[in-house]
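As structure tokens, the structure follows; a few thoughts come after it.
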Amino acid sequence: MRTHLPSRKAIAVLTAALLATGMAACGNSDTGGSGSGDDGKITLGFSQVGAESGWRTANTTSIKEAATEAGIDLKFDDAQQKQENQIKAIRNFIQQKVDVIAFSPVVESGWDTVLKEAKDAKIPVILTDRSVDSADKSLYKTFLGSDFVKEGRLAGEWLVEQKKAAAGPVNIVELQGTTGSAPANDRKKGFAEAIAANPNLKIIASQSGDFTRAGGKQVMEQFLKANPKIDVLFAHNDDMGLGALEAITAAGKVPGKDITIITVDAVKDGMQALADGKFNFIAECSPLLGPQLMDLVKKVHNGEQVPARIETQETTFTQEQAKEALPNRKY
């Protein structure tokens, strides 16, 4: 009796089906999908800065959840705060022929070459949270994010109001974010512009804590050893401020009283410190950009015109306002 062998076509179909099943079962949970393929879904390649803070973790969660809800296949990459990792990820997205690329740049400069590669491949790019300093605005479709200069300015204006009766010098130390990053550059600029209104307000030390709690603690310890009189700390994010709290307490000082503490972000841990009287003021920077980003991804994929700059809506918090907001805080 002769055995009937399957046709080449049947074998090819079976192989494709097995491969698809294997990919679904064994795929990296961070990729979210396997490409645009034939399912009609939009594929988004997203390169994240890293996981350096509570803000960034909330931002990543928002993006992943929003992609799932929007039916978008997400290829997610964590750059671990290294620009070379982001450039490599973007080139991988180009090779994979994703439909749209979005990323939050580690630093502002050095993106023109890879962005031109994406443009040549006809893959639209969206900047989210942080911008780039490229003179060629055609290299990306839009920038979705906060006004970092405004955040720094709001922090400075609050301090000017609080210290308007100060008769002598008010010594300020500044914990900067990652060197060369847009939020670090812009928050520093906005804060400096605002406090210039009162010549008594002087920044006596300014150094990067890299947006991390460990960095904030380490640099604050150095500040305290080098400067016997510190009146104010301005930290470019909550996490560095939270790290600084440990250093301040260990030095025998009372955070929020002996040293006025101003931060940016308003993540839950920062808001709790504010409500507890350890922080004095926070300028909000919302990480919940996912839904807006997915809306933009769909629009640019469909060839629709979008604004070149889309600013997120944010506010500020005092200690009493933090107490009111905390119970309903999403991040």
Side-chain angles (χ1 to χ4, degrees), residues 27-37 41-52 55-57 59-64 66-67 70 72-146 177-185 210-211 287 289-290 292-303 306 308-310:
N28 187 319
S29 61
D30 277 347
T31 61
S34 57
S36 46
K41 283 188 174 182
I42 298 171
T43 302
L44 169 66
F46 184 86
S47 177
Q48 180 62 284
V49 171
E52 76 284 0
W55 191 100
R56 190 64 55 190
T57 301
N59 180 242
T60 292
T61 299
S62 176
I63 288 164
K64 289 183 175 180
I72 290 173
D73 281 333
L74 177 67
K75 290 183 179 293
F76 184 92
D77 180 84
D78 181 338
Q80 300 179 333
Q81 292 183 276
K82 294 181 180 178
Q83 184 179 31
E84 58 267 31
N85 290 347
Q86 283 199 305
I87 291 172
K88 182 180 177 182
I90 292 169
R91 287 189 169 133
N92 283 338
F93 293 151
I94 294 169
Q95 288 177 353
Q96 294 168 40
K97 298 181 180 178
V98 301
D99 297 306
V100 181
I101 293 171
F103 75 112
S104 180
V106 175
V107 295
E108 285 190 288
S109 59
W111 300 104
D112 283 30
T113 300
V114 73
L115 290 181
K116 189 171 188 311
E117 290 170 20
K119 183 180 178 182
D120 290 344
K122 296 182 170 27
I123 300 175
V125 174
I126 297 171
L127 305 178
T128 174
D129 171 44
R130 301 179 178 184
S131 189
V132 299
D133 63 3
S134 174
D136 185 357
K137 304 302 181 187
S138 73
L139 295 177
Y140 56 91
K141 292 295 184 182
T142 184
F143 164 46
L144 166 67
S146 304
T178 302
T179 302
S181 68
N185 293 343
D210 214 23
F211 283 128
L289 305 182
Q292 279 182 285
L293 175 59
M294 298 311 147
D295 183 53
L296 285 171
V297 167
K298 289 179 179 180
K299 286 180 177 177
V300 299
H301 177 62
N302 293 334
V306 295
R309 174 74 169 93
I310 300 170

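Side chains are part of it too, since the values below use all heavy atoms of this structure and drop only hydrogens, waters and symmetry mates.
Side-chain contact of Lys119 with Ser138: a donor-acceptor pair under 3.5 Å is present, judged by distance alone.
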side-chain contact (heavy atoms from CB on, under 4.5 Å) between Lys75 and Thr43, worked out: CA-CA 7 Å; Lys75 290 183 179 293; Thr43 302; 4.0 Å; yes

side-chain contact (heavy atoms from CB on, under 4.5 Å) between Lys298 and Ile72, worked out: CA-CA 9 Å; Lys298 289 179 179 180; Ile72 290 173; 4.3 Å; yes

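Side-chain contact between Val114 and Glu117: present, with at least one pair of heavy atoms (C-beta onward) separated by less than 4.5 Å. Counting heavy atoms from C-beta on, the side chains of Asn59 and Leu289 come closer than 4.5 Å. Residues Val107 and Arg130 have side chains not in contact (no heavy-atom distance under 4.5 Å, counting atoms from C-beta outward). Contact of the Val132 side chain with the Glu108 side chain is not registered, since no non-hydrogen atoms from C-beta on lie closer than 4.5 Å. For the pair Arg56/Pro287, no side-chain contact is recorded, criterion being any heavy-atom separation below 4.5 Å from C-beta on.
In terms of heavy atoms, Val49 sits closest to Ser104 at CG2-O, 3.0 Å. Of all heavy-atom pairs between Ile123 and Lys97, the closest is CD1-CA, 4.4 Å. Among all heavy-atom pairs drawn from Ala118 and Val125, the shortest one is CB-CG2, 3.8 Å. Here the shortest heavy-atom pairing between Gln81 and Val106 reads O-CG1, 3.6 Å. Residues Ser134 and Leu139 approach most closely at OG-CD1, 3.6 Å, considering heavy atoms. Asn85 and Ala79 get closest at one heavy-atom pair: ND2-O, 2.9 Å.
The ring pair (Phe, Tyr, Trp, His ring centres under 6.0 Å) with Phe103 is formed by just one residue from the set Trp111, Phe93, Phe76; it is Trp111. With Pro124 as the partner, the side chain to side chain contact (heavy atoms under 4.5 Å, CB included) test is satisfied by one option alone out of Asp99, Val297, Val100: Val100. Evaluated for a side chain to side chain contact (heavy atoms under 4.5 Å, CB included) with Ile90, the options Val98, Ile101, Asp77 yield exactly one hit, Ile101.
Residue Gln48 holds its CD atom at 8.0 Å from CD of Gln86, rounded to the nearest 0.5 Å. We find the CG-CZ distance between Leu144 and Arg309 to be 8.0 Å, quoted to the nearest 0.5 Å. Here OG1 of Thr179 is found 9.5 Å from CZ of Phe211. Values are rounded to the nearest 0.5 Å. Considering CG of Leu296 and NE2 of His301, their distance stands at 14.0 Å, rounded to 0.5 Å. Here CG of Leu115 is found 9.0 Å from CG of Asp136. Values are rounded to the nearest 0.5 Å. Taken to the nearest 0.5 Å, the CG atom of Asn185 stands 11.5 Å off from the OG atom of Ser131.
Taking a cutoff of 4.0 Å between a charged side-chain nitrogen and a carboxylate oxygen, Lys116 and Asp120 qualify as a salt bridge.
Shown here is Lys137, whose NZ atom has more than 12 heavy atoms of other residues, nucleotides or ligands within 6.0 Å.
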